[in-house]
Amino acid sequence: MDFDLKAIERKWQKEWQDSCLFEPFVEKKKEAFYIQVAYPYPSGAMHIGHARTYTVTDIVAKYNMLKGKNVLMPMGWHVSGTPVIASVEALEKNDPKTVKKFTEIFHIPAKDLEELKTPEFYVDYMVNKAEYGYKAGFKRLGFGIDWRRELKTIDPQYKKFIEWQYKKLYEKGFIRKGKYPVRYCPHDDSPVGDHDLLEGEGVGFQEFTLLKFKMDNGQFVVAATLRPETVFGQTNLWLAPKVEYAIIKVGDEEWIGSNEFFEKLKEQKKGIEKIGTIKGSELVGKMVLAPGIERKIPILPSFFCDTGTGTGIVTSVPSDAPIDYVALLDLQKDKDLIKKFGLSEKMILGIKVIPIIKTKEFGDKAAVEIVKRLGIKNQFDSKLEGAKKEVYKTGFHKGVMNENCGKFAGMPVNKAKELVKKELIEQGKADVFFELEGKVVCRCGTECVVRVLEDQWFVSYSDPKWKEQSKKTLEGMSIVPELFRTQYNNVFDWLEDKPCTRSKGLGTEFPWQKGKIIEPLGDSTIYMAYFTVSHLIKRIEAQKLSEEVFDFIFLGKGNIEKISKENGIEKELLEEMRSEFNYWYPLAFNVSAIELIPNHMSFSIFQHTAIFPPEKRQLGTINLGMLVLEGKKMSSSKGNVVLINDLCEQIGADFVRFFLMNSVEPWEEMDWKPKEIEKGVSKLKSFIGEIAQLAVESKDSEKLEPEKLQGEEAWLYHRFNSRVNAFIDHMERIELRSAAQQISFLLAKDLQWFNIRKKRDNKPLYLYITKNFVKCLAPFMPHISEEIWRNLLGNKRSVFLEKLPEKKEIDCKIELAEEFIKRAFLDLKEIKKIIGKEKLQKAVFYTASEWKWNVLKKIKKLERPDFKEAIKTAMTDLSVKEKGKAAIPVIKFLNDRLIEFKEIEKINELKVLESAKEFFEKEFNCSVFFFNEEKAEFDPQKKASKALPFKPAIYVE
RNA sequence: GCACGGGUACCCAAGCGGUCAAAGGGGCAGGGUUUAGGACCCUGUGGCUUAGUGCCUUCCCAGGUUCGAAUCCUGGCCCGUGCACCA
């Protein structure tokens with residue numbers, strides 16, 4: 001049977017809309033099920049990657065409808081931030097690449113591009129008019145979205161809500177102001193993300209500690225280090241004698257460092273000034289007070305100091321920095337150099353390595369050890385870089401501070417590092433400095449720097465109490481799949497304060513700083529709550545939505561009469577909104593992609609925890625995997641995409657939905673392979689056609705009486721029920737792939753077997769199967785299911801108003817009997833193949849005699865296979881004992897397969913086989929006979945004695 | 001570097017202590033049906049054997065636990081994803 005897929009889709013989509021099937025209202029008697037999926041950024045065309053995320057959500061939603069729940073699935077459009085603006089600007093400039101993308105990939109008619117030149121029009125067009133856009137896609141795929149609640153993140157009411165959200169966070173003390181280092185483009189005067197770069201993607205920055213060495217004249221020579229804990233091993237400073245260093249006024253102090261350092265420091269410290277210069281050579285030989293150890297150490301010349309890194313001055317720790325050690329050796333050997341700078345040879349030769357860190361790998365002078373091992377010759381040796389990394393890694397992870405480190409003695413290095421740094425900074429002996437790890441160039445061509453932003457606002461995710469409470473929320477949530485729970489926990493630990501304002505983009509203005517908008521990740525964390533009232537709140541002008549109004553709706557705070565009067569909002573409306581929120585919340589599932597666990601998903605849990613009472617926090621998350629196309633990442637700009645509109649055109653919405661679920665579970669990475677899908681579609685189509693045919697033929701039949709079923713019919717009934725049982729189990733765990741397989745390809749196999757076994761068409765049985773099948777299929781393939789349900793089976797109401805079948809108990813003996821026939825059938829087939837006969841004359845089956853079953857019964861009591869024990873136990877049965885030696889092979893066979901046979905109950909094999917006589921005769925086109933081993937009237941080759949439980953002996957001719 | 005996940009036959013992928021030479025696809029080979037092409041159905045797909053069997057070598061590598069390991073433990077190698085102002 002064939003379907004006109006497109007016609008069916010149109011028909012039922014219209015019907016669902018007309019009957020408001022997916023527009024739920026508060027029904028106190030029904031359990032609420034609210035599922036929410038991260039709303040999309042409506043920029044561009046919808047492809048199968050997006051479709052997968054939303055299809056999973058829709059299937060879970062529809063499944064819960066079929067469980068009898070009141071289901072809410074809303075949808076909105078996230079348009080905050082810069083992408084819309086960037087696209088509009090690019091179109092404005094008629095950027096050829098962008099124009100091409102919009103016309104060729106997004107299929108937007110060239111004349112329409114004119115409409116897209118303001119953000120408002122752009123958003124409206126993308127949402128409502130774009131044929132390849134998301135909304136069009138959602139509708140085409142038959143999603144059960146309640147469109148009354150549709151929203152955009154720039155709606156005035158929504159903005160009011162976001163404002164309220166931040167005020168709540170502020171009240172709890174989770175909004176704070178501080179300093180923050182960012183990668184910054186001095187030309188554009190704005191922070192830069194990876195996508196804004198010409199060069200240097202993924203390059204981060206490191207936090208250096210600036211150590212301040214006081215000279216006799218009060219100035220500070222400043223050295224930058226990544227290893228503040230090694231101050232205890234300092235022996236001297238290194239600098240480049242030929243370089244001219246800057247004297248920098250920092251507050252009341254004067255610092256000495258390279259000119260490059262000054263340029264970078266300007267971005268990180270306010271009000272600093274270069275007030276002079278001094279040549280490196282002038283500093284050589286001077287004594288300075290080393291921080292941390294409060295000892296005077298000399299400034300010495302070296303060849304390795306790079307003015308572009310740090311301050312161009314390096315503190316020397318020869319025990320743990322290979323290059324320091326080598327430079328020291330070089331200097332000690334170079335009498336000329338010592339003389340040239342007028343240094344005391346005695347002093348230079350007197351410098352000794354001070355051990356400070358101990359590891360198993362390198363002892364207590366790691367640098368000395370590794371220089372020896374690698375045979376490093378001088379400070380120009382290329383092996384130094386590797387040596388440094390090696391020593392650093394080992395020291396940091398495994399090292400322990402030794403007795404030369406004062407109160408830090410005995411402490412692991414990775415701990416001491418932070419503490420030493422903190423202490424030096426507190427004592428005013430050190431400062432921090434950020435340095436990019438590599439070259440970073442902005443799109444505008446300017447080289448980027450690290451800037452420390454003053455007055456930056458943060459959300460304090462680092463707050464230990466907040467973390468703890470959020471973890472508690474997490475504990476009570478179901479995470480699908482469970483295996484991501486540890487990741488959530490780790491993310492919670494790792495989260496630090498997050499800057500929450502930006503200067504560019506669409507969004508809500510930050511309440512405490514004019515001209516700044518709330519960072520776009522921050523306006524999409526508790527909006528699920530807003531959806532519960534978004535259809536009602538549209539009726540209210542935004543300026544009426546004061547803090548008290550939202551307090552009442554979402555927290556139940558305040559006096560309704562007063563709020564109604566003061567804000568000019570009808571009391572009934574307020575009450576209705578409060579009750580919507582109360583009914584739908586907490587959210588059952590928040591659905592999003594795995595890569596959003598470290599931000600969106602975690603922020604959402606944190607903010608729910610901060611703002612809502614415990615019973616209104618989230619109940620669960622579903623975390624979805626990526627989708628790739630033929631093993632490659634999809635990319636609109638490269639044209640490597642499959643668009644939903646095209647695909648629905650090709651194979652139909654239901655098949656798109658099904659095959660997005662069919663190959664892996666939702667959280668796994670999925671590879672979309674068009675060729676394999678094509679094959680699958682045609683198989684599935686014919687299977688569904690078959691079922692539809694059965695539906696038509698059996699729709700008027702009487703009710704099934706299961707207890708009267710026999711043989712293969714009883715088997716099919718039970719087999720179908722066990723498929724449904726498994727289907728339900730999988731659905732509960734959101735294992736949509738396994739669930740889908742149970743009711744499609746696996747069920748198809750069952751039917752295939754039944755078709756060669758059946759003696760007649762049992763209409764009531766077919767009706768039972770088709771009806772229940774359609775209900776299970778409906779979440780996956782709603783249109784076809786509705787068509788079969790209403791049109792072919794003649795039901796009046798939508799299939800989504802029906803209830804799924806209950807789980808049923810399975811009679812294992814019925815399954816066993818059929819399994820027995822199947823094995824006998826396969827055995828006979830095998831024999832026929834091996835002896836190579838075209839056609840058999842006669843086939844004879846001999847079933848095992850009673851005593852062999854007795855062996856099984858006895859040894860089943862054994863916990864595990866054990867031949868000796870098996871013999872002993874089996875021989876306690878008289879019927880076995882009297883067989884003597886002949887029993888041994890039987891015992892061995894059953895013992896070897898004990899695990900398998902433990903599940904096997906005794907059935908009347910002879911009767912079962914006889915019931916399938918016609919089947920065997922038909923399949924092999926020969927006469928077939930059955931005997932019990934003991935009453936084998938015909939046994940020319942003495943095969944009968946080889947019969948075993950569940951494995952009849954066979955004779956053929 | 002840190003965090004999380006993963007390595008299974010030609011490819012994708014199930015299995016997660018015995019019923020495992022290892023489900024299901026795809027590919028490939030042979031056969032059937034049809035035939036312009038396709039579509040469809042069956043059989044085979046580690047090796048050697050065989051009246052439905054038995055044996056050998058396999059589930060990244062190396063050790064270990066166990067009567068028994070693809071499955072559990074330890075160590076190593078390799079791969080994927082995320083790492084914050086980007087939605």
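Values below: every heavy atom of this structure, side chains too, minus hydrogens, waters and symmetry copies. Residue numbers start from 1 in every chain, and the chains themselves are labelled A, B, ... in the order their sequence lines are given, proteins ahead of strands.
- When heavy atoms are screened at a 4.0 angstrom cut-off, Lys673(A) is found touching the sugar-phosphate backbone but no base atom.
- We find that NE2 of His78(A) is positioned 8 Å from P of rA87(B), with the value rounded to whole Å.
- Atom pair Asp523(A):CG and rC86(B):P shows a separation of 15 Å (rounding to whole Å applied).
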| B/S/- contact track for nucleotides 79-84 of chain B, protein heavy atom under 4.0 Å | ---SSB

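- A close approach under 4.0 Å does not occur between any side-chain nitrogen or oxygen of Arg737(A) and OP1 or OP2 of rA14(B).
- Nucleotide rU34(B) is matched to nothing when pairs are restricted to Watson-Crick or G-U wobble geometry with both distances under 3.5 angstrom.
- The partner of rA9(B), taking Watson-Crick or G-U wobble pairs whose two distances both stay under 3.5 Å, does not exist in any strand shown.
- Under the 6.0 Å distance and 45° angle rule, Lys842(A) counts as a cation-pi partner of Phe938(A).
- If you measure from atom CZ of Arg227(A) to atom C1' of rG1(B), you get 14 Å, rounded to the nearest angstrom.
- Remark: the separation of the P atoms in rG54(B) and rG6(B) is 36 Å, to the nearest Å.
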Under 3.5 Å, which N/O atoms of the protein pair with N/O atoms of nucleotides 68-75 of chain B?
none

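- Between Ser738(A) and rG24(B), a side-chain N or O to OP1/OP2 separation shorter than 4.0 Å is absent.
- Glu818(A) is linked by a side chain to side chain donor-acceptor pair (under 3.5 Å) to Trp753(A), Arg757(A), counting only residues two or more places apart in sequence or in another chain.
- More than 12 heavy atoms of other residues, nucleotides or ligands lie within 6.0 Å of NZ in Lys516(A), so this atom counts as buried by the packing criterion.
- Partner assigned to rU57(B) is none, using Watson-Crick or G-U wobble distances below 3.5 angstrom.
- Between Phe920(A) and Phe825(A), the ring planes are tilted. Angles from 30° to 60° get that label.
- In this view, Glu509(A) satisfies the side chain to side chain donor-acceptor pair (under 3.5 Å) rule with no residue, not counting sequence neighbours.
- Rounded to an integer number of Å, the gap from CD1 of Ile597(A) to P of rC2(B) is 20 Å.
- With a cut-off of 3.5 Å on both pairing distances, rA39(B) has no Watson-Crick or G-U wobble partner at all.
- The P atoms of rG1(B) and rG76(B) are separated by 12 Å, rounded to the nearest whole Å.
- Residue Ser524(A) is out of contact with every strand shown, counting any heavy-atom pair closer than 4.0 Å.
- Within 4.0 Å (heavy atoms only), Val192(A) reaches sugar-phosphate atoms of the nucleic acid but no base atom.
- Phe606(A) and Phe492(A) have their aromatic ring centers within a separation under 6.0 angstrom.
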| request: Report, as a single string ordered 5' to 3', how protein heavy atoms within less than 4.0 Å touch nucleotides 34-53 of chain B: B base, S sugar-phosphate only, - not at all. | output: ------S-S-S-----BBBS

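- The cationic atom of Lys683(A) (NZ for Lys, CZ for Arg) does not lie both less than 6.0 Å from the six-membered ring centre of Phe745(A) and within 45° of the ring axis.
- Rounded to an integer number of Å, the gap from Lys504(A) NZ to rA87(B) P is 11 Å.
- Taking the P atoms as reference points, rG18(B) lies 11 Å from rA69(B), given to the whole Å.
- When Watson-Crick and G-U wobble pairs are counted only if both distances are under 3.5 Å, rC67(B) pairs with rG18(B).
- Taking atom P in both rG26(B) and rC40(B), one finds a spacing of 9 Å when rounded to whole Å.
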| task | Give the intermediate values and the outcome of side-chain hydrogen bond (donor to acceptor under 3.5 Å, both in side chains) for residues Glu933(A) and Ser945(A). | result | CA-CA 6 Å; Glu933(A) 175 187 347; Ser945(A) 65; 5.6 Å; no

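- Rounded to an integer number of Å, the gap from CG of Asn489(A) to P of rG5(B) is 12 Å.
- Legend: residues meeting ring pair (Phe, Tyr, Trp, His ring centres under 6.0 Å) with Phe930(A), ordered by chain and number and at least two apart, are Phe845(A).
- Each of Tyr41(A) and Pro865(A) lies near RNA chain B, and the nucleotide nearest Pro865(A) is the one positioned closer to the 5' end.
- Qualifying ring pair (Phe, Tyr, Trp, His ring centres under 6.0 Å) partners for Phe929(A), counting only residues two or more places apart in sequence or in other chains: none.
- Looking at residues two or more places apart in sequence or on another chain, you find a side chain to side chain donor-acceptor pair (under 3.5 Å) between Arg183(A) and Asp194(A).
- The side chain of Thr82(A) approaches rC86(B) more closely than any other nucleotide in the set rC4(B), rC86(B), rA13(B).
- Taking Phe484(A) as the reference, nothing meets the ring pair (Phe, Tyr, Trp, His ring centres under 6.0 Å) condition, with sequence neighbours excluded.
- Of the P atoms belonging to rG80(B) and rG25(B), the separation is 30 Å, rounded to the nearest Å.
- For the P atom pair drawn from rC60(B) and rG7(B), the interatomic distance equals 8 Å after rounding to whole Å.
- Taking for each of Glu676(A) and Glu665(A) the nucleotide of RNA chain B with the nearest heavy atom, the 5'-most of the two is the partner of Glu665(A).
- Residues in residues 743-755 of chain A take part in these salt bridge (charged side-chain N to carboxylate O under 4.0 Å, His left out) pairs, two or more places apart or across chains: Arg719(A)-Asp750(A), Arg723(A)-Asp750(A).
- Under the Watson-Crick or G-U wobble criterion, with both distances below 3.5 Å, rG80(B) is paired with rC4(B).
- Every side chain to side chain donor-acceptor pair (under 3.5 Å) that Tyr158(A) has, sequence neighbours left out, goes to Tyr39(A).
- Nucleotides rC4(B) and rU57(B) place their C1' atoms 36 Å apart, quoted to the nearest Å.
- Partners of Phe174(A) by ring pair (Phe, Tyr, Trp, His ring centres under 6.0 Å), not counting sequence neighbours, listed by chain and number: Trp466(A).
- Nucleotide rG7(B) holds its P atom 10 Å from the CD atom of Glu668(A), rounded to whole Å.
- Between the NE2 atom of His730(A) and the C1' atom of rA14(B) there is a distance of 11 Å, given to the nearest Å.
- The gap from the C1' atom of rG15(B) to that of rU53(B) amounts to 26 Å, rounded to the nearest Å.
- Within 4.0 Å of Glu819(A), counting heavy atoms only, lies no atom of the nucleic acid at all.
- Within the shown strands, rU45(B) is the pairing partner of rG27(B) under the Watson-Crick or G-U definition, both distances less than 3.5 Å.
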